[in-house]
Amino acid sequence: MPHPPIVILTDFGEADPFVAIMKGVIAQISPRAQQIDLTHQVDPGDIQRGALLLWQAYSHFPEASVFLTVIDPGVGTDRKAICLEAHDRIFIGPDNGIFSYLTSPESKAWQLTNTRYQYHAQSATFHGRDIFAPAAAHAAAGIKGPEFGSQVSDLVQLPRPTLKQQGEFLVGEVLTHDRFGNVLTSLGRFNKTSSGILKFNAWLGSIPHFEIAASDLQVILPGGEKLPLINTFADVKKNSCAAVVGSTGLIEIVSNQASAAEILGLKRGERLRIRLANKGSSFQSP
Amino acid sequence: MPHPPIVILTDFGEADPFVAIMKGVIAQISPRAQQIDLTHQVDPGDIQRGALLLWQAYSHFPEASVFLTVIDPGVGTDRKAICLEAHDRIFIGPDNGIFSYLTSPESKAWQLTNTRYQYHAQSATFHGRDIFAPAAAHAAAGIKGPEFGSQVSDLVQLPRPTLKQQGEFLVGEVLTHDRFGNVLTSLGRFNKTSSGILKFNAWLGSIPHFEIAASDLQVILPGGEKLPLINTFADVKKNSCAAVVGSTGLIEIVSNQASAAEILGLKRGERLRIRLANKGSSFQSP
Amino acid sequence: MPHPPIVILTDFGEADPFVAIMKGVIAQISPRAQQIDLTHQVDPGDIQRGALLLWQAYSHFPEASVFLTVIDPGVGTDRKAICLEAHDRIFIGPDNGIFSYLTSPESKAWQLTNTRYQYHAQSATFHGRDIFAPAAAHAAAGIKGPEFGSQVSDLVQLPRPTLKQQGEFLVGEVLTHDRFGNVLTSLGRFNKTSSGILKFNAWLGSIPHFEIAASDLQVILPGGEKLPLINTFADVKKNSCAAVVGSTGLIEIVSNQASAAEILGLKRGERLRIRLANKGSSFQSP
């Protein structure tokens with residue numbers, strides 16, 4: 001069996017030697033592990049973006065994959081360094097909220113304190129090299145959580161993005177947008193069925209399941225404008241925007257070969273709503 | 001034998017999780033395949049640039065290499081998803097012209113319709129994840145074209161770049177420029193011989209072979225300025241430009257530690273000419 | 001044993017096909033070698049930055065690693081192409097100063113003239129593809145320096161960054177800054193001890209060893225401002241800057257979630273000083 005891949009997420013950019021140095025440390029410890037970049041272009045210190053990227057990506061990697069995550073503005077302080085086991089995968093990084101969307105009652109975490117699994121060099125400014133990369137390499141080589149250190153509970157949690165039911169509305173927020181200007185929202189997950197019915201299963205919080213006809217779903221922007229749900233980019237009218245069920249099951253606001261983020265000026269955190277009490281919806285307003 | 005590499009070309013950029021998600025899907029199916037990035041920085045939807053990049057790169061990879069190509073503005077529409085066998089290599093992507101410079105009478109293509117080789121998740125907006133990456137991974141693992149679906153002919157073709165003979169001139173156009181400001185043209189291919197004679201062998205169309213002395217070759221810019229052919233960057237006079245036979249055999253317009261694209265303001269599609277009826281040329285004007 | 005990794009450093013950027021083409025050539029020759037990017041975002045022709053990146057990174061890769069280094073403004077001229085053995089690792093690239101910080105009395109270099117280890121294609125503008133990548137792949141597959149060509153001495157050397165003792169001062173300069181705006185200086189290396197004493201061991205030149213208490217060390221900026229030495233980023237006061245012993249052992253000027261490079265406007269080559277004749281220092285001014 002090949003080693004599980006080590007998937008690397010940082011805010012280091014690609015112009016400096018830091019990512020390569022971590023890969024060199026990994027190559028010393030676990031030379032057969034495939035190393036895959038998630039991205040290194042997270043804005044410096046943007047833990048929330050990092051948490052979202054991990055949530056978007058993790059399930060598409062093989063079980064036992066190791067995620068090495070170094071977005072770490074508190075490096076060298078007393079924030080903990082941890083190994084998290086969740087969703088049959090292993091996550092290595094600082095305990096600063098980066099794993100907020102991955103933890104569950106079944107997940108377990110351990111501190112990375114065993115110096116046996118740390119690098120011979122030690123600095124107060126580059127734990128990616130000295131602590132996290134060696135831990136990821138050892139985890140890929142089979143070292144288990146309890147061998148790294150003592151168990152930790154109460155991991156740091158980021159504030160959760162808005163996703164709530166409010167009267168006859170499902171209320172969410174803008175999470176981020178991608179290179180194409182597609183705006184990712186917290187509204188979801190929706191699962192398309194072949195009959196044109198969308199099944200809702202909240203990815204955050206505990207909103208009851210419901211169903212809604214795709215043809216009834218409209219996303220209401222902060223200013224009141226309503227966007228219809230369409231199937232794919234090419235269905236959007238020129239210079240217009242619309243909503244799609246994106247590849248994560250979350251609603252995205254998109255345009256056709258144009259940037260919806262620019263056209264609408266939507267910013268992270270802005271509120272968006274879906275009216276639930278439409279005809280064809282099995283949702284009951286409270 | 002190691003698996004052939006999977007070479008990945010997209011317009012996804014590197015800040016979003018999309019490339020990594022495709023690599024995760026591949027790692028699930030074909031964990032031993034080496035994954036190599038061609039580039040992900042193609043402008044969104046720039047199929048012509050993608051087609052050119054594939055043509056520039058493919059022959060330098062081992063036979064049986066698999067090229068996973070996702071520049072796909074028509075994702076989710078009825079444009080076909082295909083597997084192309086050409087030049088002893090395998091190309092996976094949308095049928096939107098991206099393979100225009102690779103097809104030949106010997107090449108064959110099949111549709112990617114067999115759901116057995118698709119991802120368990122299915123979306124209308126991310127066929128890179130759901131259809132193309134799994135197909136590339138299966139192709140690298142030995143699945144052949146006919147197992148993916150029925151054969152396709154008449155693939156979508158981009159308009160061909162200009163390369164024609166016009167009286168005593170060879171007429172071409174600007175294709176693109178690189179990071180250094182070197183301007184790649186459609187004029188070629190030229191093959192340098194040790195005697196200072198260049199042999200012409202058209203990479204597009206059916207212009208007869210000819211030979212020309214390197215010392216006679218001049219590239220005529222849209223405004224009439226003539227650039228001599230030199231051997232390498234260091235032979236260009238300071239603040240000047242000149243022509244070289246580039247590493248692809250196509251003529252490039254270059255400067256010396258400066259950007260010829262900026263100095264000359266050359267844009268994609270602009271016409272360039274070479275006079276053929278020079279002394280020393282074996283070319284006969286018609 | 002897996003092959004040693006091939007670590008690739010260029011000024012090619014990632015938008016063009018050049019890095020991928022080199023990887024394809026390597027995959028033809030040494031398909032099992034892991035290929036790791038150091039960076040490709042060096043400014044075109046910035047040999048000094050390349051030399052520094054190699055020095056920062058090399059020791060963190062396994063012994064026998066091969067470094068393929070193509071920052072080569074003199075491509076096609078009579079500058080030599082070489083294979084350098086130094087520090088139990090192998091470095092392939094042009095002899096233009098890129099290896100300035102790696103050579104030592106123990107290192108050896110050979111010219112890459114044996115056409116048996118060159119690519120079938122030959123150009124005057126892309127020796128990365130035709131000479132350096134094949135040499136790196138063959139080196140990773142076990143070919144030794146003398147098989148490439150005749151031995152070379154007197155490699156081209158860049159001017160050394162300033163690091164000297166001047167009266168009671170250690171004088172250095174700004175080398176570069178990273179994505180976070182941390183300013184790397186030539187002042188070092190310093191090795192932290194648990195007792196709060198820093199041991200100095202010059203990374204350049206022949207300044208005598210000395211010790212200094214961390215609490216006594218101050219970096220004096222060009223304008224005379226003095227920055228204290230702190231442990232890590234979080235110890236810097238808001239909107240202020242301070243000095244740290246960075247992960248390389250060189251002094252860095254940093255801020256806290258802000259760019260010290262921007263705040264202080266420090267440029268490459270600017271002089272910085274440390275006063276050595278402090279109380280607690282074992283240094284004797286001459």
Side-chain angles (χ1 to χ4, degrees), chain B residues 1-9 13-14 32-43 49-50 52-65 67 89 176-182 184 191-192 194 230-235 244-249 252 254 256-259, chain C residues 2-3 5-6 8 10-37 39-47 70-79 94 96 119-131 133-134 137:
Chain B
M1 255 306 286
H3 281 203
I6 297 173
V7 186
I8 313 178
L9 169 65
E14 288 135 353
R32 292 174 197 277
Q34 188 181 15
Q35 302 189 35
I36 298 178
D37 298 303
L38 206 171
T39 179
H40 305 292
Q41 296 184 12
V42 174
D43 284 342
R49 170 80 174 167
L52 190 61
L53 284 162
L54 277 181
W55 178 81
Q56 290 176 281
Y58 84 88
S59 67
H60 304 294
F61 285 86
E63 290 190 6
S65 291
F67 293 79
R89 291 163 184 85
T176 188
H177 63 87
D178 67 23
R179 185 192 199 205
F180 302 93
N182 303 323
L184 185 68
N191 189 16
K192 285 183 188 180
S194 53
I230 46 86
N231 187 50
T232 191
F233 307 111
D235 299 332
V244 299
V245 175
S247 59
T248 55
E252 299 182 27
V254 306
N256 189 357
Q257 298 182 46
S259 165
Chain C
H3 281 203
I6 297 173
I8 312 178
T10 76
D11 60 355
F12 291 169
E14 288 136 354
D16 296 310
F18 310 130
V19 172
I21 287 171
M22 294 201 307
K23 291 181 178 178
V25 170
I26 293 169
Q28 289 185 51
I29 296 165
S30 196
R32 292 175 197 277
Q34 187 182 17
Q35 302 190 35
I36 298 179
D37 298 303
T39 179
H40 305 292
Q41 296 184 13
V42 174
D43 283 342
D46 189 346
I47 297 167
V70 193
I71 300 171
D72 190 20
V75 60
T77 66
D78 60 1
R79 66 94 189 87
N96 62 11
Y119 197 46
H120 59 84
Q122 285 297 326
S123 70
T125 55
F126 194 5
H127 286 188
R129 178 192 74 185
D130 304 337
I131 294 175

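Convention: sequence-line order gives letters A, B, ...; per-chain numbering from 1.
The contact between Asp11(C) and chain B is made by backbone and side chain atoms together, counting heavy-atom distances below 4.5 Å. Using a 4.5 Å cut-off between heavy atoms, Ile36(B) touches chain C through its side chain atoms alone. Neither the backbone nor the side chain of Ala133(C) comes within contact range of chain B, judged by heavy atoms closer than 4.5 Å. For His40(C), the part sitting under 4.5 Å from any heavy atom of chain B is the backbone (N, CA, C, O) and nothing else. Using a 4.5 Å cut-off between heavy atoms, Tyr119(C) touches chain B through its side chain atoms alone.
Arg129(C) places none of its side-chain heavy atoms less than 4.5 Å from the side chain of Phe18(C). Within the 4.5 Å cutoff, the side chain of Pro94(C) has no heavy atoms near those of the Ile47(C) side chain. Using a 4.5 Å cut-off on side-chain heavy atoms (C-beta onward), Asp37(B) and Glu14(C) make no contact.
Listed options Ser247(B), Ala57(B), Ser59(B) were ranked by heavy-atom pairs under 4.5 angstrom with chain C; first place goes to Ser247(B). In terms of heavy-atom pairs under 4.5 Å with chain B, the best-connected choice from Gly45(C), Ala27(C), Gly74(C), Ala121(C) is Ala27(C). Heavy-atom pairs under 4.5 Å with chain C peak, among Gln56(B), Glu63(B), Gln41(B), His60(B), at His60(B).
Under a 4.0 Å N-O distance rule, the pair Arg79(C)/Asp72(C) qualifies as a salt bridge.
Of the residues Thr39(B), Thr176(B), Asp43(B), the one that meets the side chain to side chain donor-acceptor pair (under 3.5 Å) test with Arg49(B) is Thr176(B).
The six-membered or imidazole ring of Phe61(B) lies near that of Phe67(B), with a centre-to-centre distance under 6.0 Å.
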